[in-house]
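The structure appears below as structure tokens.
Computed from a predicted structure; not experimentally measured. If you read the sequence from its start, that first residue is 1, and numbering goes on from there.
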Amino acid sequence: MHRRFIVPSALAATLLPAIPAAASPGTVGAPGIGDPYYPASGNGGYDVSHYDLRLKYQPTTDLLEGTATILATATQDLSRFNLDFGLDVSEVRVNGRKARFATSGDHELEVTPAEPLAKDRAVSVVVRYAGKPSELKINGWTAWARTPDGGVAAQEPESAVWWYPSNDHPLDKATYDISVSVPDGTQAISNGVLQSQSSKLGWTRFNWRSDKPQATYLTTLAVGRFDITTDRTAGGLPVLNAYSKDLGANAGAARASIERTTEVAEWLTDVFGPYPYNALGGYVPNVTSGFALETQTRPFYSPKQFANGANVSVVVHEIAHQWYGNSVSVDGWKDIWINEGFARYSQWLWSEKEGEGTAQELADYTYAQHPADDPFWKVKPGDPGPDNQFDIAVYDRGALALQALRNEVGEEVFFELLKGWPAEHAHGNANVGDFVRYAERVSGRPLAALFDTWLYEPSRPAAPAAADAGLAGTALSARSAVRVERPASWKKIAATNTVHDQGDHGHGERPDRGHAGHAQR
């Protein structure tokens with residue numbers, strides 16, 4: 001979902017120069033990292049290497065108290081820098097000394113160190129804060145969902161603003177230690193490996209660690225009462241799945257889906273190469289939303305994802321993101337296709353493996369059900385714009401582009417590409433152009449025209465282009481999906497079209513964007 005509280009890109013020019021005229025050039029960190037979709041997302045002037053979050057949360061009152069220690073390096077001489085944060089701050093220290101701080105806009109925490117910071121200098125920032133995350137509303141919504149027994153932080157492209165200060169953009173990934181104290185009988189679930197837990201005076205502290213670079217929006221926290229299952233993969237990775245104790249009728253289907261996470265990850269390792277992290281799992285809290293999210297090592301799933309029974313396809317989608325989106329993250333949010341197109345295509349490959357319809361049959365059916373005048377073809381997956389960032393076309397037309405690539409370069413090269421890309425850019429960032437150049441280099445073929453047709457042309461590829469992509473003749477002549485047989489997996493895949501419809505008006509979250517309409521076709 002696009003960031004509601006960020007000014008439109010057209011106003012970027014008026015936002016970014018918000019540096020006092022008296023400041024020396026280059027001494028004040030920019031209030032945005034430079035993303036054209038979200039100009040105020042992230043900050044300039046420093047690079048974070050590690051977050052240490054020490055938190056205490058009381059579910060009955062929604063009070064979150066925290067001390068965040070941020071380790072970073074100045075990338076320019078800095079007299080002042082910003083953090084993205086919305087809760088009330090009581091103290092900031094930079095390199096051990098008290099710093100002045102002020103707030104601006106909806107989520108900017110402006111920090112002025114006691115002394116300017118020199119370029120390339122190591123910096124430690126300590127922020128003490130408290131507040132009720134669910135009461136922090138930015139343009140009427142919150143990324144923090146209260147549950148009957150706790151609270152959950154999980155949203156895209158941002159959720160950190162509601163519970164810890166950060167440089168909130170995928171370009172600045174870092175490692176994490178997250179320590180959370182909650183009342184006895186309540187658990188705190190987060191990313192990575194549970195290092196330890198201990199109880200004292202009615203409170204239990206859970207200590208989690210993510211030891212690989214992680215984008216801020218991929219960091220999650222869930223507090224509540226959970227049934228937890230643990231295991232290890234054949235390779236020794238710890239697996240932890242958590243289910244709210246009050247999922248009701250969706251409990252069985254949720255477990256029947258999430259408990260296949262290890263199986264899915266092992267299969268995806270054959271497709272995408274070695275799993276990039278040291279932990280695995282998923283969690284299902286009792287939230288009213290309907291979306292799922294690829295939070296690193298431990299995806300978040302809404303109970304509604306399983307309202308119609310078990311659906312392993314959504315697990316495939318979110319685990320695929322551990323390679324495509326998490327390990328290899330976007331340079332900017334316009335590059336969302338290299339996350340979502342590949343995650344959707346992994347669902348097509350799973351269907352192929354399960355004998356419920358090949359990727360080619362799913363491509364034929366997808367193409368056929370969208371006539372030339374369908375707005376579906378107006379969205380450009382390679383640069384959809386912030387209002388269409390999670391449009392169904394980014395997923396389905398994005399997957400069509402990969403099927404066209406597969407047919408163009410052949411099976412061997414195509415699957416070499418799928419493994420090579422996350423290996424070449426492991427734990428880094430990349431953009432759509434990087435992938436096009438990579439595919440051309442590995443395949444030895446000119447592919448720019450193919451990608452332009454399927455990712456950038458705001459129209460339905462005509463019959464010759466579709467034929468070149470290997471789409472069936474029946475699909476080419478169809479005016480609706482009726483004349484092309486629907487693959488058996490289609491219903492389960494389409495049920496995940498709401499995977500990023502992050503909203504529930506009753507909780508002040510982001511309004512739905514209506515992808516479910518595609519699921520009905």
Side-chain angles (χ1 to χ4, degrees), residues 26 28-35 41-55 66-85 89 92-97 99 101 108-111 113 115-129 153 157-161 163-180 190-193 195 207-221 276-279 295-298 322 325-332 425-430:
V28 177
I33 208 167
D35 193 304
S41 179
N43 305 285
Y46 62 94
D47 181 73
V48 178
S49 61
H50 185 72
Y51 293 93
D52 183 277
L53 308 179
R54 190 167 181 86
L55 311 173
T67 300
T69 301
I70 302 168
L71 304 182
T73 301
T75 58
Q76 66 185 67
D77 293 337
L78 281 174
S79 62
R80 196 186 79 204
F81 60 90
N82 285 18
L83 294 166
D84 297 306
F85 194 47
V89 174
V92 179
R93 288 180 178 265
V94 178
N95 293 332
R97 299 178 62 182
F101 63 93
E108 298 289 340
L109 176 65
E110 300 175 351
V111 179
E115 294 182 351
L117 305 173
K119 182 180 178 180
D120 298 325
R121 179 178 178 179
V123 182
S124 66
V125 184
V126 176
V127 182
R128 299 182 189 277
Y129 58 93
E158 75 290 316
S159 65
V161 166
W163 62 291
Y164 70 96
S166 71
N167 193 12
D168 195 10
H169 192 277
L171 273 176
D172 196 359
K173 299 199 284 189
T175 55
Y176 285 78
D177 281 304
I178 300 178
S179 177
V180 190
S190 192
N191 311 80
V193 176
Q195 302 292 106
N207 297 299
W208 295 89
R209 172 169 291 175
S210 292
D211 67 349
K212 293 292 190 293
Q214 181 171 290
T216 47
Y217 84 95
L218 297 173
T219 308
T220 192
L221 175 63
Y277 304 112
N278 67 347
T295 41
Q296 195 155 302
T297 70
R298 189 150 293 110
Q322 306 306 307
N326 295 13
S327 180
V328 187
S329 299
V330 296
D331 266 350
H425 295 276
H427 307 300
N429 299 78

Any [X] side-chain heavy atom under 4.5 Å of [Y] side chain:
X	Y	value
Val127	Phe101	no
Leu221	Trp163	yes
Pro165	Ile70	yes

Tell me every residue that passes ring-ring contact (aromatic ring centres under 6.0 Å, His included) with His427, counting only those two or more places apart in sequence or in another chain. Tyr277
Taking ring-ring contact (aromatic ring centres under 6.0 Å, His included) as the test, write out the residues that go with Phe85, two or more places apart. Tyr129
Could you tell me whether a side-chain N or O of [X] sits under 3.5 Å from a main-chain N or O of [Y], the two making a donor and an acceptor?
X	Y	result
Gln322	Ser327	no
Asp172	Val48	yes
Asp52	Thr69	no
Asp84	Asn167	no

Where do [X] and [Y] come nearest, in terms of heavy atoms and distance?
X	Y	result
Lys173	Asn326	NZ-O, 3.1 Å
Ala426	Val328	N-CG2, 4.5 Å
Ser190	Trp208	N-CE2, 3.6 Å
Gly66	Leu55	CA-CD2, 3.8 Å
Ser124	Gly96	OG-N, 4.3 Å
Gly45	Gln76	CA-OE1, 3.5 Å

Applied to residues 115-129, the salt bridge (Lys or Arg N to Asp or Glu O under 4.0 Å) test, sequence neighbours excluded, yields Glu91-Arg128, Arg97-Glu115
By salt bridge (charged side-chain N to carboxylate O under 4.0 Å, His left out), which residues pair with Arg209, not counting sequence neighbours? Asp177
What's the separation between atom [atom1] in [X] and atom [atom2] in [Y], rounded to the nearest 0.5 Å?
X	Y	atom1	atom2	result
Leu109	Ser166	CG	OG	10.5 Å
Leu171	Asn43	CG	CG	12.0 Å
Ile33	Asn82	CD1	CG	12.0 Å

Those residues at least two apart in sequence (or on a different chain) that pass side-chain contact (heavy atoms from CB on, under 4.5 Å) with Thr295 are Asn191, Thr220, Tyr283, Leu293, Phe300
Could you go through residues 211-218 and list every donor-acceptor pair under 3.5 Å that involves a side-chain atom there, pairing it with any protein atom two or more places apart or in another chain?
unit_1, atom_1, unit_2, atom_2, d
Asp211, OD2, Asn278, ND2, 3.2
Gln214, OE1, Ser210, OG, 3.0
Gln214, NE2, Thr219, OG1, 2.9
Thr216, OG1, Asp168, OD1, 2.6

Evaluate the criterion side chain to side chain contact (heavy atoms under 4.5 Å, CB included) for residue pair Ile178 and Tyr164; output intermediate values, then yes/no. CA-CA 11 Å; Ile178 300 178; Tyr164 70 96; over 6 Å; no
Compute whether any side-chain donor of one residue and acceptor of the other, for Asn207 and Ser179, lie under 3.5 angstrom apart. yes
For the pair Tyr51 and Tyr176, name the ring-plane relationship: parallel under 30°, tilted 30 to 60°, perpendicular over 60°. parallel
